[in-house]
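For clarity, every value in this text was computed on a predicted model and none was experimentally measured.
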Amino acid sequence: MPRSRSRSVAGGWPALAAQALLLGLVMLAVLWLTRNAATNLQARGIPMGFGFLGLPAGFDIPQRLVPYQPSDTHFRVFLVGAANTLLVAGLGIVFATIVGLVAGVLRLSRNFLGRALATVYVEGARNTPLPVQLLLWYSLMLAAPPPRDAIQLLPGFFLTNRGLYFPTDTIPRLEGFGFTGGASLSLPLAALLLGLIVYTGGFIAEVVRGGLQAVPKGQTEAARALGLKEGHVLRHVVLPQALRVMVPPLASQYLNLTKNSSLAVLIGYPDLVAVFGGTSLNQTGQAIEIIAMLMAFYLAVSLSISAFMNWWNSRTAVWERRT
Amino acid sequence: MNRPRAARSPIAWVRANLFATPADAVITLALLLLLLWIVPPIARWAVIDATWTGETKAACDRGGACWAVVTARWRQMLAGFYPSNQLWRVGLAMLLLAAAVLPLAVSRWTRFILIAGPLGVAAAFAVLAGVGPLANVGTEYWGGFFLNVLIGVAGMMFSLPIGVLLALGRRSRLPVIKGLCVAFIEFVRGVPLITLLFMASVMLPLFAPAGASFDLLARALVVVTLFSSAYLAEAVRGGLQAVPESQRDAARALGLGPLRTTVLIVLPQALRISIPAIVNSFIGLFKDTTLLFVIALLDVMGVMRQALADYAWQGVDAEGYAFVGLVFFLACFGLSRWSAALERRRDRRPELERPLTEPA
Amino acid sequence: MNRQVDEVTAALEITGLHKWFGQAHVLRGLDLAVQPGEKVCVLGPSGSGKSTLIRCVNGLEPYDDGRVLIQGADLAGQRRDAETARRKTGMVFQSFNLFPHLSVLENCTLAPIHVRKLKKADADARARTLLERVRIAEHASKFPAQLSGGQQQRAAIARALAMEPDIMLFDEPTSALDPEMVGEVLEVMADLARQGMTMLVVTHEMGFARQVADRVVFMDEGEIIEQGAPAEFFTAPKHERTRAFLSRIL
């Protein structure tokens, strides 16, 4: 095979020329698209730039973590939406991991009933599309009775058509037509969380199962041969090794959950996509800037999770076989 | 000496599998109680007290689930508003799509998937849209479950070549190509599909030259294809990495240039290795097609939501979504079983599926 | 139930051991006794059941019929008995099975700390003594992946010894090693033998068997064909099958 004359440039000069050409074409395409966009936006009377972020939004957001009033700016809308998204993502990740751990371990247990039920759950959750699950849970919750006839799921947990009430430092009690004490999740939030946790929990269960099964059988044999009891074998030998295998796919599932939280728009929870990509976009018409900001947010989350994953991998790299 | 007939009586089985230790017994009892708490009410609602036929919600007076919403509109749920006397074309298109997917199942034909796939899909489109003697049926009439299947398979088949190119580009030594591929893949995989769909429906018209309009279905297909190609690129990348370097060495020793090496030696092996990941990606894509109703496409979810919005069917949302969920569950569960079988077959006969030289 | 104390209890006593894998009759009524301090080597072609035998002795495989007594404690008996039996054996595996996420020292102290309830300082001290015995004391804080195969297997031997077993079981300890490392492991095993440990070794290393074993056992197709002192066994085997096997190997 002929050697390229210049070894300092990968592939040689012809390749460099080709890449320059490609880059030029890409930039031309971008310029063309930008010019079209500018023309179209002008024709529709839509301004360009990020100035709109300073304009008052003029609409209310019913559920929020961050203080907000309708006279606040669109930028504030972005913050409120981002906070809501991170809330759902955080809660979803924590509980989905718990559910997934239990289901994954049950899948491998000696108990037939445990194995069967875990399998039914995992296969059902993974094979039903998430939008359908979300809408199903939401429609079921909407059919809940008013607080007077609230369904008590567990002591202190009440499901009504106004929300899901749960105890904090006080227990919710019926007073008049509503509940006092405790705290509540709005129905959209409750449905979103339930759907995300059930769906992602199924995938996490498979990750857990894969991790546990990836630990070679010889490890448990050696541990048992040393006299270690089942609990110790799991805690000191199997779990640490399983965890190492599990972390990359777990991180990927966490990212999926965060992205899937954008489906909140289907059931009326004001997450980032719903308020900023929905109402703000409708009001200002500046689709390009808004969608760009949305994507930047999710990309930032995705890159953070990747960075964490790489850090974790490098920490445990010392176990790797140095061949 | 014969093996003692270990009489595995049912009682012994129950003892070993359900009550082996005190902890096991507690779990078994707890789960049984859970089942008793959940299953009878659901069975009563979904089956025993349910109404199966009827023209409006008023017909569902037995207190259980109102499945009549499904039976009354089953034709729409299957094929949208496609003219009822031309439904045979929908069936034919489904067969063509199945043929397009077939090379994935038969290992000897896998290398043809890059050709057979898009061809089969194109043929299906031709049959549906109307070509030659077949009457024209505009895309606004296409809908229902078959639309999900069509977009799912079409998206997969068109995205496979793109995904392969992206995967190859990602491994390139040329920084511009590698950079562009990585940027595209990481970008598409880092954002939710719903934002990409919004982008398609709202932003694409802004970037088009003034006056151009795009068919809604075409726009959806473009988004779905690009979305899927990024995920496929990762699936194929795994396969490319799994082909041992020694294969390339052998090809070079025989005098094959880099292009021929890739196309004739590396790619067929990489594709065969990646098949389970490719099928899993397809299952995910198929489930994602349920989001298309968000951009006003009348897939099975779009049709269902239209029905539910009808005054005649107020309040049967749960039944509608449960039905759609069940349909997708059956389809996806079947597909994932098939994928598992493919993987098992691949493990059992490694000489046919894996490269013949194993790394030392 | 324990034997009367006035007899010398056999370290290991196997009677009528049967095992099936599905329809395959892998162990056919084995009887074997190992006295305290005795070194027994088990030889045989692959598939003869020798690995299965040693795994049954350790409780890793359940057996279908027969009895295994380890210093009188029944392996399949009540929980107390079974645990005692297990604790008296130490096992060295063909594929080492060291815990990759723990250092060599931690590998050797994990079980003593959690099973024998030793304090960390005591466990560490014991472990270091053992690591010196197997001559890898300088690698104590390294991870298994950083050691060679021979070093890993020696670490595995130290790990098993840390539990102060009465019998050491070896399942083809050198079969997975590169040839130049086999010697260092066999040396450690020979040392162990000299110091009086009761050993049951499944191996292909004839030289080792000849030099170290008190008794050599030949297995084929699930049965013990012949056993005897190495001197006679290797020079004048009595059975046809033994002769055939030896002629292939030697």
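Under a 3.5 Å cut-off, the side chain of A:Ser302 and the backbone N or O of A:Tyr298 do not form any donor-acceptor pair. No donor-acceptor distance shorter than 3.5 angstrom exists from the side chain of A:Ser280 to the backbone of A:Gly277, with no hydrogens or angles considered.
Summarising the geometry, atom OG1 belonging to A:Thr34 is positioned 8.5 Å from atom CG belonging to A:Asn36; distances are rounded to the nearest 0.5 Å. A distance of 10.0 Å separates CG of A:Leu272 from CD1 of A:Ile290, quoted to the nearest 0.5 Å. With rounding to the nearest 0.5 angstrom, the OG1 atom of A:Thr85 is 9.0 Å from the CG atom of A:Leu294.
Of the two parts of A:Arg115, only the side chain, counted from C-beta on, holds a non-hydrogen atom closer than 4.5 Å to a non-hydrogen atom of chain B. In this structure, chain A has no heavy atom under 4.5 Å from any part of B:Glu319. Neither the backbone nor the side chain of A:Trp137 comes within contact range of chain B; no heavy atom of the residue lies under 4.5 Å from a heavy atom of that chain. Only the side chain of A:Leu22 comes within less than 4.5 Å of a heavy atom in chain B; its backbone stays farther off. For a residue to count as touching a neighbouring chain, one of its non-hydrogen atoms must lie under 4.5 Å from one of that chain's; by this rule A:Val301 does not touch chain B. Proximity to chain A (any heavy atom under 4.5 Å) is shown, for B:Leu326, by neither the backbone nor the side chain. Both the backbone and the side chain of A:Leu113 come within less than 4.5 Å of a heavy atom in chain B.
Aromatic ring pairs are classed by plane angle as parallel below 30°, tilted from 30° to 60° and perpendicular above 60°; the pair B:Phe328 and B:Phe286 is tilted.
Note on B:Leu34, B:Leu35, B:Ile177, B:Leu193: by heavy-atom pairs under 4.5 Å with chain A, the leading option is B:Leu35. Among B:Phe333, B:Phe187, B:Phe198, the residue with the largest count of heavy-atom pairs under 4.5 Å with chain A is B:Phe333.
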